[in-house]
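Some notes on the structure that comes next.
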Number of protein chains: 4
Amino acid sequence: MARRATSGGSAGGGTEPGAATGSGASGSGTTGAVPERLLAEATRLFAEHGYDRTSVQEIVEAAGVTKGALYHYFGSKDDLLHEIYGRVLRLQTERLDAIATRPTPVTERIAEAAADVVVTSIQNLDDTKIFFRSMHQLSPEKQKAVRAERRRYHETFRALVEEGQRDGRFRPEPRPDLVVDFFFGSVHHLGTWYHADGPLTAEQVAAEFSDLLLHSLLRP
Amino acid sequence: MARRATSGGSAGGGTEPGAATGSGASGSGTTGAVPERLLAEATRLFAEHGYDRTSVQEIVEAAGVTKGALYHYFGSKDDLLHEIYGRVLRLQTERLDAIATRPTPVTERIAEAAADVVVTSIQNLDDTKIFFRSMHQLSPEKQKAVRAERRRYHETFRALVEEGQRDGRFRPEPRPDLVVDFFFGSVHHLGTWYHADGPLTAEQVAAEFSDLLLHSLLRP
Amino acid sequence: MARRATSGGSAGGGTEPGAATGSGASGSGTTGAVPERLLAEATRLFAEHGYDRTSVQEIVEAAGVTKGALYHYFGSKDDLLHEIYGRVLRLQTERLDAIATRPTPVTERIAEAAADVVVTSIQNLDDTKIFFRSMHQLSPEKQKAVRAERRRYHETFRALVEEGQRDGRFRPEPRPDLVVDFFFGSVHHLGTWYHADGPLTAEQVAAEFSDLLLHSLLRP
Amino acid sequence: MARRATSGGSAGGGTEPGAATGSGASGSGTTGAVPERLLAEATRLFAEHGYDRTSVQEIVEAAGVTKGALYHYFGSKDDLLHEIYGRVLRLQTERLDAIATRPTPVTERIAEAAADVVVTSIQNLDDTKIFFRSMHQLSPEKQKAVRAERRRYHETFRALVEEGQRDGRFRPEPRPDLVVDFFFGSVHHLGTWYHADGPLTAEQVAAEFSDLLLHSLLRP
DNA sequence: GATGAATGAGTCTTCATTCAT
DNA sequence: AATGAATGAAGACTCATTCAT
């Protein structure tokens with residue numbers, strides 16, 4: 001009776017620990033459970049060619065199953081995308097919540113949060129790429145759900161900025177919401193220029209981005 | 001057979017003065033020259049629904065012409081997109097070049113350049129939206145051309161950062177190329193959150209973004 | 001492999017007493033034996049959406065079982081339809097035979113037979129609806145079987161008409177077979193206009209139809 | 001600009017005089033205008049296999065065109081069906097209106113109307129078959145439109161019955177609306193038993209049906 | 001310069017049925 | 001007796017593009 005993945009839970013059951021999809025081997029297609037395989041191949045293909053340019057046929061071929069199998073687990077192509085979003089959002093929200101509630105100075109927490117989101121965005125670079133290009137291709141209702149989750153994430157981050165301003169450690173001028181949009185623009189943009197085989201490791205980029213953010217906030 | 005607009009030059013001829021597409025009139029479709037109308041409606045529709053989700057039929061209906069007319073002026077749907085890119089790139093490159101060569105301190109030039117690209121991105125918000133979502137939907141060769149133009153733009157900006165670092169006005173630590181990617185991520189992201197009817201004017205956002213960038217670079 | 005119900009006999013065994021489907025309870029799905037429940041829900045859904053528009057999935061969901069269960073009792077979707085036909089045909093044939101052999105004047109017998117088929121058609125309105133819309137969706141061989149049973153029914157009715165004409169009670173002009181087609185057209189059509197919550201009871205319609213038939217036959 | 005057939009007008013333009021589809025040659029497919037050919041083949045196939053069992057592919061193959069051509073003229077498969085309905089309804093409504101307004105006694109008018117609808121139903125037997133089997137496969141809104149037109153037809157016929165009852169020529173007992181449903185049931189049923197190569201001509205059936213109707217109404 | 005009918009490959013999705021368990 | 005994952009063929013519909021006029 002557990003047909004069709006609901007957007008809340010993971011489709012296949014397991015907790016798929018550390019399923020970094022950024023590295024993207026080109027379609028092994030025959031290992032692991034079917035829903036996971038479908039999700040992994042879909043992620044890879046959506047990142048590579050875009051959501052609209054990736055046909056369901058291509059996905060099932062890459063996963064080594066038939067279309068019927070895909071529609072047994074996912075209600076629609078759109079559902080696949082939603083599931084991919086859900087996975088990333090859950091991961092990043094959990095990590096941010098963990099960092100935001102630590103008993104350390106804001107400065108430190110915001111620096112860590114910034115660095116962390118850069119690292120996980122790079123580790124899941126395919127998801128990151130998909131996120132901004134394809135959000136508007138979700139059905140309106142699913143888009144709304146994703147935006148709501150995303151907003152919650154942003155609000156947590158913004159609260160850190162506000163805390164720093166109340167503390168007096170940060171300059172009072174910048175509007176916290178603009179700071180958030182400013183920084184996450186940079187993060188979301190990673191997918192368009194970062195390459196795993198480039199000169200910089202994820203940690204190096206994270207350190208620099210975190211540093212740029214902090215300097216833009218701190219009192220001189 | 002020699003009837004099509006070459007993809008490099010502007011299709012209709014003129015310099016389309018002040019063709020701000022951000023405000024988005026909802027498809028009057030009967031004023032002005034045919035190629036301009038097509039380009040304007042295509043821009044609006046691509047921004048609203050995405051390139052792949054916009055059919056040629058919708059574009060010609062919005063522009064009040066027939067398909068034959070579109071294919072008379074543009075070689076393909078893809079050509080329309082390329083033309084939109086060209087327009088925005090030319091505009092921003094010209095403006096940056098003008099600002100970068102002014103005889104003022106780097107600090108001032110970079111602040112102005114940053115503010116200016118925010119303002120023109122907001123004024124042409126539809127183009128901005130299209131830019132990131134649809135790049136990969138261009139044909140490989142056109143993509144290459146756009147990327148090359150974009151790179152030139154980034155290099156000019158990066159040169160300003162480097163100049164500031166050589167000057168000693170900017171902190172030496174940040175890698176100039178990362179600064180550029182950091183800042184332009186924020187700019188490109190404008191399309192996903194800025195709304196003309198929101199609480200902030202283009203100039204306010206420009207001032208804040210420019211300020212954040214400067215503070216992230218200046219020596220404390 | 002010998003596990004499927006043969007298409008001739010009733011699938012579940014018993015005589016399904018008073019299984020009037022016309023009233024159409026809206027899919028409780030958990031009372032009674034599985035095959036009866038499947039048949040009842042299938043009848044309701046076929047009448048509502050048509051045979052081709054009703055998926056096996058919908059039937060089993062309405063009946064609260066799984067597909068495996070359906071295919072355990074019925075060889076195919078087509079078998080379900082055939083079973084529905086069988087049920088209604090058996091019922092009406094039995095009743096007509098009983099009436100036709102009574103020791104009363106033809107006039108009376110034909111009036112009763114006409115009224116009776118109207119009442120039972122209305123009581124099983126879902127079956128009536130299905131009968132005409134879906135005959136051609138049966139497999140050719142099953143179609144042939146149903147037609148044969150139907151023909152037998154019509155012949156019994158026609159014999160009454162002929163008897164009335166030989167008697168001299170009925171006008172000699174009408175061709176008995178045309179009379180049968182004339183009248184049963186009206187009966188089959190009930191499904192397209194009769195509603196249980198309309199102004200007329202089944203008995204009122206039966207009385208009128210019977211009256212119209214008799215007047216069309218009787219000598220003036 | 002005249003894309004897509006509107007439900008009011010005939011798709012191809014012409015008035016297709018006397019386009020009797022009942023005889024049904026098996027798919028010449030290359031004569032006449034494209035929309036007419038599509039409509040003719042669709043009518044034949046829908047009558048033969050039912051609406052749901054006829055694929056768009058089969059229709060276009062029979063008509064000797066491609067799917068694109070079909071969708072150039074008709075918005076959907078559903079539209080084809082609606083167009084077929086419109087054609088028949090227009091024809092029969094016109095004829096009934098003409099007969100109903102003649103300056104002859106009701107008895108005569110109703111006899112002629114009854115005979116005429118039988119003849120035209122037989123001449124367009126494919127349409128007649130389709131009418132009852134496939135009505136519920138139309139989209140709800142189109143169904144509503146067809147029902148409204150049908151109701152108007154029935155009301156005109158019912159008015160004749162009422163007139164005859166007021167006149168005193170008809171028995172007062174039968175409810176006029178039931179008479180209409182009674183008779184049109186018979187007419188609609190023609191498609192399930194009448195064959196052009198059977199023993200009866202359309203006119204013979206028409207005469208008998210008309211006679212049966214009249215005798216059921218006239219005072220004894 | 002412009003039309004619009006026609007193409008044909010491609011899209012996502014549905015579904016009756018099977019089979020290992 | 002019953003499950004439910006998986007199949008594979010078929011479904012309706014879309015769309016960028018061409019070409020005779």
Side-chain angles (χ1 to χ4, degrees), chain A residues 1-4 12 33-35 38 51-60 63-80, chain B residues 1 3-4 33-35 51-61 64-80, chain C residues 1 3 33-35 51-60 64-80, chain D residues 1-4 12 33-35 38 51-60 63-80:
Chain A
M1 283 291 164
R3 272 175 66 257
R4 308 267 140 109
V34 171
L38 284 166
Y51 177 79
D52 278 327
R53 298 276 167 115
T54 302
S55 73
V56 168
Q57 188 59 42
E58 287 170 323
I59 298 170
V60 299
V65 299
T66 59
K67 274 191 233 185
L70 186 153
Y71 281 96
H72 183 69
Y73 292 106
F74 301 92
S76 62
K77 188 186 173 188
D78 182 279
D79 250 25
L80 273 173
Chain B
M1 280 291 167
R3 65 186 202 275
R4 260 129 204 192
V34 170
Y51 177 79
D52 278 326
R53 301 269 169 118
T54 302
S55 72
V56 168
Q57 187 60 40
E58 286 171 320
I59 298 170
V60 300
E61 270 169 22
V65 299
T66 60
K67 283 194 213 177
L70 187 151
Y71 281 95
H72 181 72
Y73 291 109
F74 299 92
S76 64
K77 188 186 173 186
D78 182 279
D79 253 23
L80 274 171
Chain C
M1 280 291 166
R3 65 186 202 273
V34 169
Y51 177 79
D52 278 325
R53 302 268 169 120
T54 302
S55 72
V56 167
Q57 187 61 40
E58 285 171 321
I59 298 170
V60 300
V65 299
T66 59
K67 283 194 212 175
L70 187 150
Y71 281 95
H72 181 71
Y73 291 109
F74 299 93
S76 65
K77 188 186 173 188
D78 182 279
D79 253 22
L80 274 171
Chain D
M1 284 290 166
R3 268 174 69 258
R4 308 270 139 108
V34 170
L38 284 165
Y51 177 79
D52 277 329
R53 299 277 166 114
T54 303
S55 73
V56 168
Q57 190 58 43
E58 286 170 323
I59 297 170
V60 299
V65 298
T66 59
K67 270 190 239 186
L70 187 152
Y71 282 96
H72 183 71
Y73 292 106
F74 301 92
S76 62
K77 189 186 171 187
D78 183 279
D79 251 24
L80 272 173

Which nucleotide in the list [options] gets nearest to the side chain of [X]?
X	options	answer
A/A69	F/dA6, F/dA16, F/dA12	F/dA6
D/T66	F/dA1, F/dT17, E/dG8	E/dG8
A/H72	F/dA12, F/dG4, F/dA2	F/dG4
C/K67	F/dT14, E/dA16, E/dT13	E/dA16
A/V34	F/dA6, F/dA12, F/dT7	F/dA6
C/S55	E/dA16, F/dA16, E/dT17	E/dA16
B/Y73	E/dA2, F/dT3, F/dA6	E/dA2

What is the separation between atom [atom1] on [X] and atom [atom2] on [N], rounded to the nearest whole Å?
X	N	atom1	atom2	answer
D/K77	F/dT14	NZ	P	14 Å
C/D52	F/dA12	CG	P	11 Å
C/Q57	F/dG4	CD	P	11 Å
C/F74	F/dA2	CZ	P	12 Å
A/R53	E/dG10	CZ	C1'	13 Å

Hey, which sits more toward the 5' end of DNA chain F by its nearest nucleotide, A/L70 or D/G68?
-> A/L70
Taking for each residue the nucleotide of DNA chain F bearing the nearest heavy atom, is the 5' side occupied by D/T54 or by B/D78?
-> D/T54
Rounded to the nearest 0.5 Å, what's the gap from OG1 on A/T66 to NE2 on A/H72? Could you check?
-> 10.5 Å
Roughly how far, to the nearest 0.5 Å, is CZ of C/F74 from CG of C/L80?
-> 5.0 Å
Let me see the working for A/Y71 and A/V56 under side-chain contact (heavy atoms from CB on, under 4.5 Å), right down to the final yes or no.
-> CA-CA 10 Å; A/Y71 281 96; A/V56 168; 3.8 Å; yes
Side chain proximity check, D/V65 to D/V60, heavy atoms < 4.5 angstrom = yes
If we only count heavy atoms from C-beta on, is the B/S76 to B/D79 side-chain gap below 4.5 Å?
-> yes
If pairing requires Watson-Crick or G-U wobble contacts with both distances under 3.5 Å, which nucleotide is the partner of F/dC13?
-> E/dG10
Return the nucleotide paired to E/dC19: Watson-Crick means purine N1 to pyrimidine N3 with N6-O4 or O6-N4, wobble means G-U with N1-O2 and O6-N3, both under 3.5 Å.
-> F/dG4
D/Y71 vs F/dT14: side-chain N/O to OP1/OP2 distance below 4.0 Å | no
